[in-house]
Amino acid sequence: MAGQPIPLSAITSYHAHIYFDPGEARARAERVRTLIGERFVAGLGSWHDKPVGPHVKPMYQVAFAVELFPRFVPWLMLNRMGLSVLIHPNTRRPHDDHLVNALWLGDILPLKGDMLPSEVAESEVEELPPPNTSPTLQP
Ligand code: ZN
């Protein structure tokens with residue numbers, strides 16, 4: 001379907017969801033999380049050891065600013081330690097953000113798309129949470 005192109009200004013922030021299985025993969029997820037916290041001004045979300053929302057595996061979320069994309073995403077390409085990572089924009093269209101306009105590093109996992117609204121009000125667009133990390137190292 002050809003429609004109007006979506007302007008880049010529709011993207012208010014990004015999420016990276018880092019998935020893991022219990023056990024050894026969780027240890028890798030902990031390592032990746034530590035490395036991110038040392039290097040990037042990003043919002044590190046809670047651990048979800050049980051699937052939550054549209055996500056079918058344990059994961060945690062990293063929220064990051066548009067400006068950080070060209071440094072953080074390539075760093076994740078090199079340092080995801082075999083884990084699956086979903087990177088999606090935050091716009092007014094959560095369903096498309098996750099299922100149509102996202103990118104994956106590693107194995108692609110299913111998502112419960114029916115849990116995501118197709119469109120939300122402008123006031124509900126996710127703004128970037130305040131970064132809660134204090135990077136001390138260069139990426
Ligand atoms: Zn997300």
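Counting starts at 1 for both ligands and their atoms, in listed order. For reference, positions follow the sequence shown, starting with 1.
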If you leave out waters, which protein N, O or S atoms are less than 2.8 Å from the Zn ion (ligand 1)? His15 ND1, His17 NE2, His88 NE2
Using only heavy-atom distances, determine whether the side chains of [X] and [Y] contain a donor-acceptor pair under 3.5 Å.
{"X": "Thr91", "Y": "Asp97", "value": "yes"}
{"X": "His15", "Y": "His98", "value": "no"}
{"X": "Asn90", "Y": "Thr12", "value": "no"}

Summary of salt bridge (Lys or Arg N to Asp or Glu O under 4.0 Å) pairs that have at least one residue in residues 72-89, sequence neighbours excluded: none
Can you classify the ring geometry of Phe20 versus Tyr60 as parallel (below 30°), tilted (30 to 60°) or perpendicular (above 60°)? tilted
Got a sec: does the CG of Leu78 have more than 12 other heavy atoms crowding it under 6.0 Å? yes
